[in-house]
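First the structure, in the form of structure tokens, and then the observations on it.
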Amino acid sequence: RWFDASKTEFSWTYWEAYERLLQESGRSIEVLNENEKIIDSILDLSGDPRIEEPWKRAGLVMGNVQSGKTQNYLGLINKAMDCGYKIIIILGGHQNELRRQTQLRVDEGVIGRESIHLVQGYQDIPIGVGSWRPERVSTMTTSESDFNKPTANNLRIDLRDLKVPIIFTIKKLKPIMENLYEWIADFHDLKPDNGRKLNLPMLLIDDEADYASINTLAHRDDITATNK
């Protein structure tokens, strides 16, 4: 546990903008306070991003249908970025429309700009949280397109030299996940098997943990594609 002892050491710029967005959308103070307690608990268990040596945390957050799970993890992302998490990856559904819906919520609640305008170089008019904070968040996925290597190469964003956090909202499909993995490795000349990895804290959120995450094959030596 690390979070309670460190709360006063961070500026809550991303979180306060998101909280303001929820207030403007009609959420009561009581609901916001209860949600923040849950977010703080999840972040506490997720690990201190200031730790320099390699570390790993994994967990499961459960919620009922239409109980505010997306609102919850968008709040978690904003607080995580305030604490120093740099790379955020969301597995946002296995269908185009599901991923697009998630991306639109990310645009409003995390990026603060329309992702398609950011990636394609249009005028980026603030939306959502962008109305209350100047701090930026980068992305390589948009409401119209999933991750692809040509777009990533054209943007020339080097994860080893990030000025602001970056968020990827991708489909939970093996080819897409492989493309992202390969781009990170190849573009940055990494060799994970030999220990050449990015020295950055990453938050990976599987928004559909009940779909294809579990290895469902009978034999312990066999692994399903998505699980692997």
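The structure presented is a predicted model; accordingly, all values stated were derived computationally and were not measured.
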Could you tabulate the donor-acceptor pairs under 3.5 Å formed by side-chain atoms of residues 16-23, not counting sequence neighbours?
from  : atom 1 : to    : atom 2 : distance (Å)
Tyr18 : OH     : Gln71 : O      : 2.9
Arg20 : NE     : Glu24 : OE2    : 3.2

Subject >> Summary of ring pair (Phe, Tyr, Trp, His ring centres under 6.0 Å) pairs that have at least one residue in residues 96-141, sequence neighbours excluded >> reply: His117-Tyr122

**OP:** Please list all pairs passing the ring pair (Phe, Tyr, Trp, His ring centres under 6.0 Å) test where one or both residues lie in residues 190-228, with sequence neighbours left out.
**Re:** His94-Tyr211

Original post:
Do Arg196 and Asp189 sit within salt-bridge range, that is, some charged N less than 4.0 Å from a carboxylate O?
Top reply: yes

**OP:** Give a yes or no on whether a salt bridge exists between Lys163 and Asp161, defined as a side-chain N under 4.0 angstrom from a carboxylate O.
**Re:** yes

Honestly curious: do [X] and [Y] fall in one hydrophobic cluster under the side-chain, below-4.5 Å linking rule?
X: Ile111; Y: Phe168; value: no
X: Phe3; Y: Trp55; value: yes
X: Tyr73; Y: Val129; value: yes
X: Leu118; Y: Phe147; value: no
X: Leu162; Y: Leu180; value: yes

Rounded distance (nearest 0.5 Å) linking atom [atom1] of [X] with atom [atom2] of [Y]:
X: Glu114; Y: Ser143; atom1: CD; atom2: OG; answer: 7.0 Å
X: Glu36; Y: Ser41; atom1: CD; atom2: OG; answer: 12.5 Å
X: Ile116; Y: Thr142; atom1: CD1; atom2: OG1; answer: 4.5 Å

Subject >> Residue among Asp107, Ile88, Ile87 satisfying side-chain contact (heavy atoms from CB on, under 4.5 Å) with Ile167 >> reply: Ile88

Do you know the tightest heavy-atom contact between [X] and [Y]?
X: Trp12; Y: Lys7; value: NE1-O, 3.4 Å
X: Arg133; Y: Val110; value: NH2-O, 2.8 Å
X: Gly93; Y: Leu98; value: CA-CB, 4.1 Å
X: Leu43; Y: Tyr85; value: CD1-CE1, 4.1 Å
X: Leu198; Y: Ile184; value: CD1-CG2, 3.8 Å
X: Gly130; Y: Pro126; value: O-CB, 3.6 Å

**OP:** Using the side chain to side chain donor-acceptor pair (under 3.5 Å) rule, collect all pairs that involve residues 167-176, keeping only residues at least two apart or in two chains.
**Re:** Asn96-Lys171, Asp146-Lys171, Lys172-Asp206, Lys172-Ser213, Lys174-Glu178

**OP:** Scan residues 42-54 for pairs that pass side chain to side chain donor-acceptor pair (under 3.5 Å), counting only residues two or more places apart or in two chains.
**Re:** Arg1-Asp44, Ser6-Arg50, Glu9-Arg50, Asp48-Arg50

Original post:
Is the number of heavy atoms from other residues, nucleotides or ligands within 6.0 Å of CG (Asn199) greater than 12?
Top reply: no

**OP:** Might you confirm whether atom NZ of Lys197 has over 12 heavy atoms from other residues, nucleotides or ligands at distances under 6.0 Å?
**Re:** no

Within the side chain of [X], is there an N or O that forms a donor-acceptor pair under 3.5 Å with the backbone of [Y]?
X: Arg113; Y: Asp124; value: yes
X: Thr139; Y: Thr141; value: yes
X: Asp207; Y: Leu91; value: no
X: Asp82; Y: Thr13; value: yes
X: Asn78; Y: Leu74; value: yes
X: Asn35; Y: Val31; value: no
X: Lys79; Y: Asp40; value: no

Subject >> salt bridge (charged side-chain N to carboxylate O under 4.0 Å, His left out) against Glu34, all qualifying residues, sequence neighbours excluded >> reply: Lys37

Original post:
How about Thr151 and Asn148: does a side-chain donor come under 3.5 Å of a side-chain acceptor?
Top reply: yes

Subject >> Candidate pair Arg105 and Gln101, rule side chain to side chain donor-acceptor pair (under 3.5 Å), full reasoning >> reply: CA-CA 6 Å; Arg105 294 285 298 273; Gln101 290 173 11; over 6 Å; no

